[in-house]
Amino acid sequence: MDGNKTDNALVVYESIYGNTHAIADAIAEGLRAASVDAAAVPAAQVTGDSLEGVSLVVAGGPTHAHGMSRPQLRESGAKAAAEAGVDLDPAAEGPWLREWFDSLGPGRHSGWAASFDTRFDMPELLTGHASKGILKKLERLGFRKLAEPESFLVTRDSHLLPGETERARAWGTALADELLHSEAGKD
Ligand SMILES: Cc1cc2nc3c(=O)[nH]c(=O)nc-3n(C[C@H](O)[C@H](O)[C@H](O)COP(=O)(O)O)c2cc1C
């Protein structure tokens, strides 16, 4: 189903190793496939003003210590990557989602929201998830929940499982469909 021509979406992400970045790109692709004008942008590049008039904000980050990343955990993640000779994602420079949310101030926005994370492929009880905390932050800014938080899974050595980018693309398209129905239901 095609999205409304006026619908637009921003997929905001943070990423150290690149997994969340790849998922964010795939979600934006899925949204565009359903005619929603969508881009994936690191949190560091998104100002509060650029969220004005956006129909849907999708925000996502890696799960760190069972929840949203914190500066100390990022630093240890970046250090481990450097020691392993792994290139950092360009978004790893920050500022990251937690600081980004704090910089926006509460209750200013009125569009729809969805959230996602990447996490280990293990029972959720053991891994935790960042996406639920991210959605709460979006709701505190005034956004309304469009869909349940979603997780995309990585191996223990932090590679996306086969098929996860395709699943992210399909999730993006499903969000576009949901957006169309929700916008129609508003009138
Ligand atoms: C410091 C640190 C803590 C982590 N803690 C968790 C965790 O509690 N649960 C989990 O499922 N994954 C955890 N992970 C794995 C990351 O969520 C996973 O590798 C993610 O895909 C990384 O995303 P990125 O490539 O966008 O940085 C942790 C990774 C790091 C570096």
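Ile16 and Val154 fall into different hydrophobic clusters, where Ile, Leu, Val, Met, Phe, Trp and Tyr side chains are chained together by heavy-atom contacts under 4.5 Å. The cluster map of Ile, Leu, Val, Met, Phe, Trp and Tyr, joined by side-chain heavy atoms under 4.5 Å apart, puts Val12 and Met68 in the same cluster. Following chains of ILVMFWY side-chain contacts shorter than 4.5 Å, one can reach Met122 starting from Phe116, so the two form part of one hydrophobic cluster. Both Ile23 and Leu146 belong to a common hydrophobic cluster when Ile, Leu, Val, Met, Phe, Trp and Tyr are linked at side-chain heavy-atom distances under 4.5 angstrom.
Side-chain atoms of Leu153 and Arg119, non-hydrogen and from C-beta on, do get closer than 4.5 Å to each other. Under the 4.5 Å side-chain criterion, counting only non-hydrogen atoms from C-beta, Ile27 is not in contact with Arg169. A 4.5 Å side-chain heavy-atom check between Arg98 and Arg70 finds at least one atom pair inside the cut-off. At a threshold of 4.5 Å between non-hydrogen side-chain atoms, the residues Leu179 and Val36 count as touching.
Separation of atoms CG (Asp37) and CZ (Arg32) is listed at 8.5 Å; rounding is to 0.5 Å. Rounding to the nearest 0.5 Å gives a distance of 11.5 Å between CG of Leu73 and OG1 of Thr63. Residue Phe152 holds its CZ atom at 10.0 Å from OG1 of Thr165, rounded to the nearest 0.5 Å.
Sorted by first and then second residue, the salt bridge (Lys or Arg N to Asp or Glu O under 4.0 Å) pairs with a member in residues 149-158 read Glu150-Arg167; sequence neighbours excluded.
Of all heavy-atom pairs between Ala38 and Leu31, the closest is CB-CB, 3.7 Å. Between Ser50 and Leu10, the shortest heavy-atom contact is O-CD2, 4.3 Å. Taking every heavy atom of both residues into account, Gly77 and Tyr17 meet most closely at O-OH, 2.9 Å. Considering every non-hydrogen atom in both Trp96 and Ala43, the closest pair reads C-CB, 4.3 Å. Nearest heavy atom pair, residue Leu175 against residue Ala147, reads CD2-CB, 3.6 Å. Of all non-hydrogen atoms in Leu160 and Ala22, the two that sit nearest each other are CD1-CB, 4.0 Å.
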Before giving the answer on side chain to side chain contact (heavy atoms under 4.5 Å, CB included), spell out for Ser158 and Asn19 the whole-Å C-alpha distance, their side-chain angles and the decisive distance to 0.1 Å. CA-CA 8 Å; Ser158 207; Asn19 294 326; 3.2 Å; yes

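Under the 3.5 Å distance criterion, with hydrogens and angles disregarded, no donor-acceptor pair is assigned to the side chains of Thr155 and Asp121.
Take Glu99 and apply the salt bridge (Lys or Arg N to Asp or Glu O under 4.0 Å) test, not counting sequence neighbours, and it matches Arg74. For the ring pair (Phe, Tyr, Trp, His ring centres under 6.0 Å) test, residues two or more places apart in sequence or in another chain that qualify with Phe143 are His109.
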Indicate every side-chain donor-acceptor pair of residues 81-95 with a distance under 3.5 Å to a residue at least two apart or in another chain.
{"residue": "Asp89", "atom": "OD1", "partner": "His21", "partner atom": "ND1", "Å": "2.8"}
{"residue": "Asp89", "atom": "OD2", "partner": "His21", "partner atom": "ND1", "Å": "3.3"}
{"residue": "Asp89", "atom": "OD2", "partner": "Ala91", "partner atom": "N", "Å": "2.8"}

Show which side-chain atoms of residues 51-61 pair as donor or acceptor with protein atoms under 3.5 Å away, not counting sequence neighbours.
{"residue": "Glu52", "atom": "OE2", "partner": "Arg108", "partner atom": "NH2", "Å": "2.8"}
{"residue": "Ser55", "atom": "OG", "partner": "Asn8", "partner atom": "N", "Å": "3.0"}
{"residue": "Ser55", "atom": "OG", "partner": "Asn8", "partner atom": "O", "Å": "3.4"}
{"residue": "Ser55", "atom": "OG", "partner": "Asn8", "partner atom": "OD1", "Å": "3.0"}

Can you give the donor-acceptor pairs under 3.5 Å from side chains of residues 129-138 to other protein atoms, not counting sequence neighbours?
{"residue": "His129", "atom": "ND1", "partner": "Glu124", "partner atom": "OE2", "Å": "2.4"}
{"residue": "Ser131", "atom": "OG", "partner": "Asp117", "partner atom": "OD2", "Å": "2.7"}

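Shown here is Leu126, whose CG atom has more than 12 heavy atoms of other residues, nucleotides or ligands within 6.0 Å.
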